[in-house]
Novice: 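Submitted below is the structure of interest, expressed as structure tokens.
The sequence lines fix the lettering, A, B, ..., with proteins before strands; numbering per chain opens at 1.
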2 protein chains.
Amino acid sequence: MSSPRPEKRRAITEAARRVFGTEGYARAAVDAIAAEAGVSKRTVYNHFRDKEDLFLSVALEGGHEVTAAIARLLEKHLRKIVDVTEDLTAFALERVAAVWEFPDHFALVRTIEAEAARIPRPVLDAWIEAGPQTAHLRLAPYLAGMADRGLLSLGDATAELAADHFNLLTVVNVNQRTFYGAVPLPEDEVTETVTTGVRTFLRLYGPP
Amino acid sequence: MSSPRPEKRRAITEAARRVFGTEGYARAAVDAIAAEAGVSKRTVYNHFRDKEDLFLSVALEGGHEVTAAIARLLEKHLRKIVDVTEDLTAFALERVAAVWEFPDHFALVRTIEAEAARIPRPVLDAWIEAGPQTAHLRLAPYLAGMADRGLLSLGDATAELAADHFNLLTVVNVNQRTFYGAVPLPEDEVTETVTTGVRTFLRLYGPP
DNA sequence: GTCTATAAAAAGATAGAC
DNA sequence: GTCTATCTTTTTATAGAC
């Protein structure tokens, strides 16, 4: 399972992400992954115990990458606030667009959700923590900071709860409608949904 | 494709719902569905063109059934309002519990979401309309009625938007955490989430 | 570790009798 | 329309040479 050719392993994981994303788990053939990666099938089995091991490795890796990308978006838009409404909206719009920016990953997310009941709990928990949960919770400190500066008023709500509501009203709402990007939604409807979501969030937590 | 033995067709669709729900689309074997239904595989192919036709028929049928069940919950809890908070909470709790009451159907929902990109658009649209969209939109008239009676104050929001927010804050929130019931969540956390969701909803739309 | 070739099993769909 | 038996293809995983 060690790998003196790290570039091959890399090629395999990238190919696997594409094929698993396009085909789903059961339909994806290891043959196809090997072909897409430009290696023989035997090489795939030298790097990964079996198909399931390959799938879960790719999923976990993708979770970390997307979480990192979202962390960069948080820094970009919410590190220094110029205008609360505009900055939150700009963040949410780019956050939502991640679904189209990493189509292979989010196709994988849909597959994971479908397979959730069949994935070993420790592995699933590791994925949830690496991916959605962390990406989700990292928003809270930024909101807390904004509240400290008087830009938001959390009342007796925790920053985590406010982050929860922000995500539901913007990202989750759009993802529900588009099945995580599988069904396209006109850009102006996305903008409308996010704008309304931010406005609603500020009715809950906007400065007095 | 006609069926002089309707009870066989029924047995097949019920078996298909269980097997597709348990195994997902690609993994589910028509052999297994036939065995579960107690008929031969050839009989399955006499009633349904192919595996995909069977899957989509079952999905659509399930969508209608669950939508009807949710309509009954709306009538039960929101036809006559005794206490706004309590009635909305009771409705949301039972609405959320539907995921555990129809485990096969919601396992199928997860599969549909995963396969969304591969399902023919007209068929997918028909399913969305029969299932989630209708179940979702039927809440709006009840909220509008409550607003008319002064039990809610919608401001300049439409009843559809308020319904959207109610669903996001309660049902969608729980479903996100549990992957539509695939990962269990302690009952008190469910209650806590729904209660908080209703309270937040009433901060937005409660009477003045 | 990587390749070609192959084994072994599974699954979708159909032929043909009744 | 329903059944048993079968065809055909696809797929996971491995043997064995280099």
Novice: When the distance from CD1 of B:Ile33 to C1' of C:dA11 is rounded to whole Å, what number comes out?
Specialist: 12 Å
Novice: Have a look at B:Ala28 and say if it touches a base, only the backbone sugar-phosphate, or nothing, with a 4.0 Å heavy-atom cut-off.
Specialist: sugar-phosphate
Novice: So do A:Arg27 and B:Glu115 actually touch side chain to side chain, heavy atoms under 4.5 Å?
Specialist: yes
Novice: Side chains of A:Val172 and B:Asn173, heavy atoms from C-beta outward: is any pair under 4.5 Å?
Specialist: no
Novice: Any side-chain N or O of B:Thr43 less than 4.0 Å from the OP1 or OP2 oxygen of D:dC3?
Specialist: yes
Novice: So does B:Ile33 get a backbone contact from the side chain of B:Arg18, meaning a donor-acceptor N/O pair under 3.5 Å?
Specialist: no
Novice: Determine whether B:Glu94 and B:Lys76 satisfy the following criterion, salt bridge (Lys or Arg N to Asp or Glu O under 4.0 Å), listing intermediate values before the conclusion.
Specialist: CA-CA 10 Å; B:Glu94 278 209 66; B:Lys76 176 178 171 187; 2.6 Å; yes
Novice: Measure all distances between protein nitrogen or oxygen atoms and nitrogen or oxygen atoms of nucleotides 13-16 of chain C, and list the pairs falling under 3.5 Å.
Specialist:
| unit_1 | atom_1 | unit_2 | atom_2 | d |
| --- | --- | --- | --- | --- |
| C:dA13 | OP2 | B:Tyr45 | OH | 2.9 |
| C:dA13 | OP2 | B:Lys51 | N | 3.3 |
| C:dA13 | N6 | B:Lys41 | NZ | 2.6 |

Novice: Take atom CZ of A:Phe48 and atom P of D:dT14, then tell me their distance rounded to the nearest Å.
Specialist: 16 Å
Novice: When the distance from CG of B:Asn46 to P of C:dC18 is rounded to whole Å, what number comes out?
Specialist: 18 Å
Novice: Could you name each residue pair satisfying ring pair (Phe, Tyr, Trp, His ring centres under 6.0 Å) that touches residues 53-73 of chain B, not counting sequence neighbours?
Specialist: B:Phe20-B:Phe55, B:Tyr25-B:Phe55
Novice: May I have the distance from A:His47 (atom NE2) to C:dG1 (atom P), rounded to whole angstrom?
Specialist: 7 Å
Novice: Any side-chain donor paired with an acceptor under 3.5 Å for B:Glu65 and B:His105?
Specialist: no
Novice: Nearest-Å distance, CD (A:Glu23) to C1' (D:dT10)?
Specialist: 13 Å
